[in-house]
Number of protein chains: 2
Amino acid sequence: MFTVESGLLRSYSIDNKGKEHIYMFAPENWIITDNCEGDIPCDLYIDAIEDSTITVTEKDFTKLSSDRKSLVKRINVLQKRVIMLMSSPALERYQHFVETYPDIIQRVPQRMIASYLGITPEALSRLRKEISKNK
Amino acid sequence: MFTVESGLLRSYSIDNKGKEHIYMFAPENWIITDNCEGDIPCDLYIDAIEDSTITVTEKDFTKLSSDRKSLVKRINVLQKRVIMLMSSPALERYQHFVETYPDIIQRVPQRMIASYLGITPEALSRLRKEISKNK
DNA sequence: ATTGTGCATTGATGTAGGTCAAGAAGTGAT
DNA sequence: ATCACTTCTTGACCTACATCAATGCACAAT
C-alpha cells in the first residue's frame, strides 16, 4: 500500500492484446494499492509518472474488521468491473458475469443482464446466439 | 442501507435519454445502498426484482471512522466511473474528468488520459478538436 | 379462444470509436 | 546541427455495438 507524499503514481492493467488501461491516478496524499487480496489474482501494475516520494505500508487483510473487509471486497468487485468495461468486449464481460454470478442469470430477465453489462438487450441476444452456435 | 434477507434487489441509474443502467444486483445477504453521502448527488434508484425481505439500517456517514470514510469515498468514485462507462459517451467522460481532476490534466500525457477514459489517444485527440471548434 | 402485455429475437441500417499508417512538433543526447 | 525518441495529430478505413422496426412467443386476464 503506497501513500503518495509528493509526485504522481498510476495503477493500470494490461489486457490480452498488451494494451494498458489506467485504473487510477494517485497525486499527493492519495493512497494507491493493488488490492490483490486472497483469492482474486492481482491485475494491477503501479508505477510513477513523476518523481515521487512514497510511504510504503504493509497491509494485512486478515486484520481488518469485518465491515472494513466487506468494503474492500466491494472495491475489488468494482475495480474488476471498471477494468472490464474499459478493456473487454461485451462477449467477455457476459461470460465473466455468467461465471461469477451463475445464479443471477436464472433469476433476472435478459434485458437486465444487458443493462448491467452496459449493452442493449438486442446485442446480448446476438452474443448468446453466437455462443450457442459455437458449441 | 438495505440488507437483503431474501429475494433480489437491484440498483440502477437513469441517463439523460431515460435509459436504465443497472449498477448492482443484490441477492440474499447482500447489502445495497445509494451511497449519496454529502456532496455528491445521489444517482441510484433501488427496487425489488423479486418479492423480498429487507432489513433497513440508517447509516450515518459522520460517525464512520476516518479510514472507513475514505473507503466509502473510494467506492463512490468507482460507482460514478462504472455508471459513466456504461452510460456516457467519451466526450462527456472527458469533460467530467477535466472538471473533477483539473490538475491531473496538466501533469500527464494525453494518451494516459485516454487510457483512463477507456478510449484511444487518437479518439481523445479528435474529441478535443471538436471541443475547441465549438468555442 | 382471444386479447393484451412484456420479453426475446431478427433484420436493416447508422455511428462512435478502433485500427493502421503517415506526418508534425517538441525534447534530449551526442 | 542532427539523430533518436516520444507525443500529438490527421486521414482512410473497419468493426462492435446501437437504433429502429417488425415478428414471434409465452403467459395472464377476460
Side-chain angles (χ1 to χ4, degrees), chain A residues 8 10 12-22 25 47-51 81-98 104-135, chain B residues 8 10 12-22 25 45 47-51 81-98 103-135:
Chain A
L8 182 57
R10 63 166 181 156
Y12 58 98
S13 70
I14 299 185
D15 69 22
N16 45 30
K17 283 175 213 135
K19 192 168 168 188
E20 289 177 8
H21 300 273
I22 294 183
F25 293 110
D47 61 23
I49 300 175
E50 302 172 358
D51 292 341
R81 186 121 174 255
V82 166
I83 292 173
M84 293 207 79
L85 282 169
M86 290 197 298
S87 60
S88 302
L91 175 65
E92 279 171 40
R93 299 207 301 279
Y94 174 66
Q95 287 170 333
H96 176 258
F97 183 86
V98 172
I104 301 286
I105 304 279
Q106 322 298 335
R107 294 166 67 179
V108 310
Q110 279 185 34
R111 57 191 244 307
M112 288 197 186
I113 306 287
S115 170
Y116 179 94
L117 294 173
I119 59 175
T120 58
E122 294 93 325
L124 179 55
S125 174
R126 290 185 240 262
L127 288 185
R128 288 166 49 85
K129 197 177 166 189
E130 266 321 296
I131 292 171
S132 64
K133 235 195 289 182
N134 299 341
K135 285 198 289 203
Chain B
L8 182 57
R10 63 167 182 158
Y12 59 97
S13 70
I14 299 185
D15 69 22
N16 44 30
K17 283 176 214 136
K19 193 168 166 186
E20 289 176 8
H21 300 273
I22 294 183
F25 293 109
Y45 301 80
D47 61 23
I49 300 176
E50 301 173 357
D51 291 341
R81 188 124 172 254
V82 166
I83 291 173
M84 292 207 77
L85 282 169
M86 290 198 296
S87 60
S88 302
L91 175 65
E92 279 171 40
R93 300 207 299 276
Y94 175 66
Q95 288 171 333
H96 176 258
F97 184 85
V98 172
D103 46 322
I104 301 285
I105 303 279
Q106 322 298 334
R107 294 166 68 180
V108 310
Q110 281 185 33
R111 56 188 195 66
M112 288 196 187
I113 308 286
S115 170
Y116 179 92
L117 295 173
I119 59 176
T120 59
E122 294 94 326
L124 179 55
S125 174
R126 287 176 178 122
L127 289 185
R128 287 166 51 85
K129 196 180 167 189
E130 266 320 295
I131 292 172
S132 64
K133 235 194 291 182
N134 300 342
K135 282 199 296 204

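The figures here come from the full heavy-atom set of this structure, side chains too, leaving out hydrogens, waters and symmetry mates. Lettering of chains follows the sequences in order, A, B, ..., and the numbering in each one begins at 1.
Residue A/P109 is classed as a sugar-phosphate contact, given heavy-atom separations below 4.0 Å to backbone atoms only.
The base of D/dT19 is paired with the side chain of A/R126 by a donor and an acceptor separated by under 3.5 Å. Side-chain atoms of A/E122 and base atoms of D/dC17 include no donor and acceptor less than 3.5 Å apart.
Contact check, B/K129 against D/dT9: no side-chain N or O comes under 4.0 Å of OP1 or OP2. Checking the phosphate oxygens (OP1, OP2) of D/dT19, a side-chain nitrogen or oxygen of B/K19 falls inside 4.0 Å. Distances shown here put a side-chain N or O of A/T120 below 4.0 Å from the OP1 or OP2 atom of D/dA18. Residue B/S125 places none of its side-chain N or O atoms closer than 4.0 Å to OP1 or OP2 of D/dC8.
Sequence order on DNA chain D of the closest nucleotides to B/M112 and A/G118 puts B/M112 first from the 5' end. For A/A123 and A/K17, each mapped to the nucleotide of DNA chain C holding its nearest heavy atom, the one lying further toward the 5' end belongs to A/A123.
Within the 4.5 Å cutoff, the side chain of A/H21 has heavy atoms near those of the A/D15 side chain.
Counting non-hydrogen atoms of other residues, nucleotides and ligands closer than 6.0 Å to CG of A/D47 gives a total above 12.
Here CZ of A/F25 is found 6.5 Å from CD1 of B/I104. Values are rounded to the nearest 0.5 Å.
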Report the C-alpha distance between A/V108 and A/Y116 in whole Å, list the side-chain angles of each, state the deciding distance to 0.1 Å, and finish with yes or no for side-chain contact (heavy atoms from CB on, under 4.5 Å).
CA-CA 11 Å; A/V108 310; A/Y116 179 94; over 6 Å; no
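Of all nucleotides listed (C/dG17, C/dC7, D/dA18), C/dC7 comes nearest to the side chain of A/R111.
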